Amino acid sequence: MLDEHLHHTVSVPPSSVWTARLPGAPHGPGRPLTVADFTEEVFAHLPRADQRRWAEVYLAGLLTTPGKKSIRNLALTVPRSATAAQSLQQFINSSPWPWDPARRAIAAQVVARMPVAAWATGIAVIPKRGEHSVGVHRRFVPEAGRTVNCQLGIGLFLSSGDTSVPVDWRLLLDERWCGDERLRSRARLPLSAAAEPVSRHVLGMVDALAGTGLTPPVPVVADLRCTPEAGPLVAGLAERGLDFVVELHPSQPVLPAVPAPSRGTEQPRPLPVGEYAGRGERARQPRVISAARADGPVRHLVVHSGLVRLPVPPQPGRTAPQPVYRLLTQWSAAERRPIRFWLTAPTDRRADEVLSLVRHSVRTQASLKSLERDFGLLDFEGRSFPGWHHHMTMVTAAYALHRLGGVPADIVEPADIAEPAAADGRRLA
């Protein structure tokens, strides 16, 4: 059996090899975290000691291996072992360990050491070659300005004023993967895996985090520029009584907050938010507000704030009024047009408060870049669904340990509200 193989193929180094402190000072109360201690906390649910030690090897490798975090390179952290790469490969790709308990334990560590001000979402675009990696598909990526072959990972992050740490992930799957039994079998997709939109994945992670009771409800800050279908997420968050700020794709349809007064009057038709925000009074009444940046200087932003509804499918017998949300629009002062759009509830939140929450999304984007550059987010070489989740869990643990243990001085992460890379509003589809 696999676990027996892990136990016998190599002499796993004792955990004391990796008990050195991480660089920097502790981020929260208590003594600095060590790799050994963190492994014992996060992977305590693994039934065998050798499994936990291979988790420690993988975690230490992600933190110390320069360059690409391939299994072959991670195995080099195990001295005098010819079979470490094979054992790590099996631990990640074949061993049937559950990842949810590890992610809950990571969240518990984060909550214990960091004040959580928001739950933020992040989208990881993971380029791939070929068609065999689970969930791979072709997608237009505005940041790249082209269509790429990739996986799409959807992450939920716990965010403070200083940092944003992932605690859960979902892999976007389309009908090609979910409707083909041959592909499902090859990728080892569980019966629960289905082709679901980004919004449903986000709501699932929000529900899972809320169910842990680790952190009281805080505003949800979601970046949905990847899809013009924010309606289900907005409605779902409102139904759950959660405050939120959701950034919209320019093609997201919206409606005026006040419908036509009678049935005989023609109802307004939905308009893309990019078009709606640039029309009439909304185009003539933007105002300038000051937004403080993390590094001190104040940036002046041109914004407009107003109330809107989202179109909903007609339902027989519906009598309740449609919910109203506040739409905050950032304008390009140079181009005199709207460029970014946020929908928020409750509706009485001030524009500067909304932009303060948006900073959590900016911080999450910076964390994603760091995860890609320094922690192996893009480096998983396996093809299976469990393997992907195992690797993402290990990357999450490495990043959490790094951030909670201190940030080296040479790592600088931006914290500002930036204009989008693709100003033409092309859809990420």
Side-chain angles (χ1 to χ4, degrees), residues 2 51 54-55 58 61-62 68-74 85-103 106 121-141 144 147-157 166-205 208 226-227 368 371-372 375-399 428-429:
L2 171 67
Q51 283 182 311
W54 281 119
Y58 204 97
L62 290 173
K68 186 174 182 179
K69 309 298 193 289
S70 66
I71 285 180
R72 182 179 298 275
N73 288 339
L74 299 184
Q86 180 183 4
S87 297
L88 287 174
Q89 173 82 12
Q90 292 181 335
F91 170 71
I92 288 295
N93 287 309
S94 303
S95 182
W97 53 272
W99 49 86
D100 285 338
R103 294 178 184 179
I106 293 170
T121 69
I123 305 293
V125 178
I126 306 171
K128 289 292 177 181
R129 295 179 180 177
E131 301 179 348
H132 302 297
S133 297
V134 60
V136 72
H137 61 285
R138 294 189 63 76
R139 171 175 292 267
F140 180 78
V141 179
T147 298
V148 299
N149 204 55
C150 65
Q151 296 168 320
L152 199 74
I154 306 154
L156 186 66
F157 291 65
V167 294
D168 204 358
W169 293 94
R170 299 290 188 270
L171 177 65
L172 191 71
L173 299 168
D174 59 18
E175 289 294 345
R176 170 178 171 263
W177 282 96
C178 294
D180 187 324
E181 289 302 323
R182 180 181 59 86
L183 289 179
R184 291 189 70 100
S185 176
R186 189 178 72 190
R188 293 161 53 206
L189 288 181
L191 293 176
S192 59
E196 296 181 328
V198 172
S199 58
R200 188 168 298 176
H201 284 298
V202 172
L203 288 173
M205 290 189 291
C226 65
T227 173
L368 279 168
L371 284 159
E372 294 173 1
F375 294 90
L377 180 71
L378 306 181
D379 296 338
F380 177 59
E381 296 174 332
R383 297 176 176 179
S384 72
F385 184 84
W388 186 88
H389 275 284
H390 288 162
H391 176 75
M392 295 298 281
T393 301
M394 299 305 303
V395 169
T396 296
Y399 188 76
L428 180 59

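No experiment lies behind these values; they were computed from the predicted model shown. In this chain, numbering begins with 1 at the start of the sequence shown.
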| query | Are Leu173 and Leu189 close enough, and set up right, to give a side chain to side chain contact (heavy atoms under 4.5 Å, CB included), and what steps lead you there? | reply | CA-CA 10 Å; Leu173 299 168; Leu189 288 181; 3.9 Å; yes
| query | In terms of side-chain heavy atoms, does Gln151 have a donor or acceptor partner in Ser133 at a distance below 3.5 Å? | reply | no
| said: Side chains of Leu152 and Leu171, heavy atoms from C-beta outward: is any pair under 4.5 Å? | reply: no
| note | Distance col, row Arg72:CZ vs Gln86:CD, nearest 0.5 angstrom, shows 11.5 Å
| query | When the ring planes of Tyr58 and Phe91 are compared, do they come out parallel, tilted or perpendicular, using 30° and 60° as the limits? | reply | tilted
| message | Using the rule ring-ring contact (aromatic ring centres under 6.0 Å, His included), only one of Phe380, Phe375, Phe385 pairs with His391; which is it? | response | Phe380
| request: Would you indicate whether the side-chain heavy atoms of Pro166 and Leu371 approach each other to under 4.5 Å? | output: yes
| request: Nearest 0.5 Å please: distance from the CZ atom of Arg139 over to the CG atom of Asp174. | output: 9.0 Å
| message | With a 3.5 Å distance limit and no angle check, can you tell me whether Arg103 reaches the backbone of Trp169 through a side-chain donor-acceptor pair? | response | yes
| Spatial distance of atom CE (Met392) from atom CZ (Arg170) [nearest 0.5 Å] | 12.0 Å
| said: Tell me if the CZ atom of Arg186 is crowded by more than 12 foreign heavy atoms within 6.0 Å. | reply: yes
| message | Would the distance check show the side chain of Asn149 and the main-chain N or O of Gly130 forming a donor-acceptor pair, the cut-off being under 3.5 Å? | response | yes
| query | Quick one: does Asn73's side chain get under 4.5 Å of Asp379's, heavy atoms only? | reply | no
| task | Report the residue from Thr396, Leu368, Asp168 that forms a side-chain contact (heavy atoms from CB on, under 4.5 Å) with Phe157. | result | Leu368
| remark: Correct closest heavy-atom pair for Cys226 and Val198 would be SG-CG2, 4.2 Å
| task | Given side chain to side chain contact (heavy atoms under 4.5 Å, CB included), test Ile92 with Trp54 step by step and report yes or no. | result | CA-CA 9 Å; Ile92 288 295; Trp54 281 119; over 6 Å; no
| Would you call the rings of Trp99 and His390 parallel, tilted or perpendicular if under 30° counts as parallel and over 60° as perpendicular? | perpendicular
| query | Can you check side chain to side chain contact (heavy atoms under 4.5 Å, CB included) on Thr147 and Val141, steps first, answer last? | reply | CA-CA 6 Å; Thr147 298; Val141 179; over 6 Å; no
| request: Check whether any side-chain heavy atom of Ser95 sits under 4.5 Å from a side-chain heavy atom of Gln90, and report yes or no. | output: no
| request: Specify the closest pair of heavy atoms between Cys178 and Ala195, including all atoms of both residues, with the distance to one decimal. | output: SG-N, 3.3 Å
| task | Starting at CD1 of Ile106, measure out to OG1 of Thr393 and round the result to the nearest 0.5 Å. | result | 6.5 Å
| Roughly how far apart are Glu381 CD and Asn93 CG, rounded to 0.5 Å? | 9.5 Å
| query | Do you know which two heavy atoms are closest between Ala85 and Ile71, and how far apart they sit? | reply | O-CG2, 3.4 Å
| query | Between CD1 of Ile126 and CG of Leu377, what distance do you get to the nearest 0.5 Å? | reply | 5.0 Å
| Side chains of Arg176 and Glu131: does their closest heavy-atom pair fall under 4.5 Å? | yes
| request: Kindly determine whether Met205 and Thr121 satisfy side chain to side chain contact (heavy atoms under 4.5 Å, CB included), including the steps that lead there. | output: CA-CA 10 Å; Met205 290 189 291; Thr121 69; 5.6 Å; no
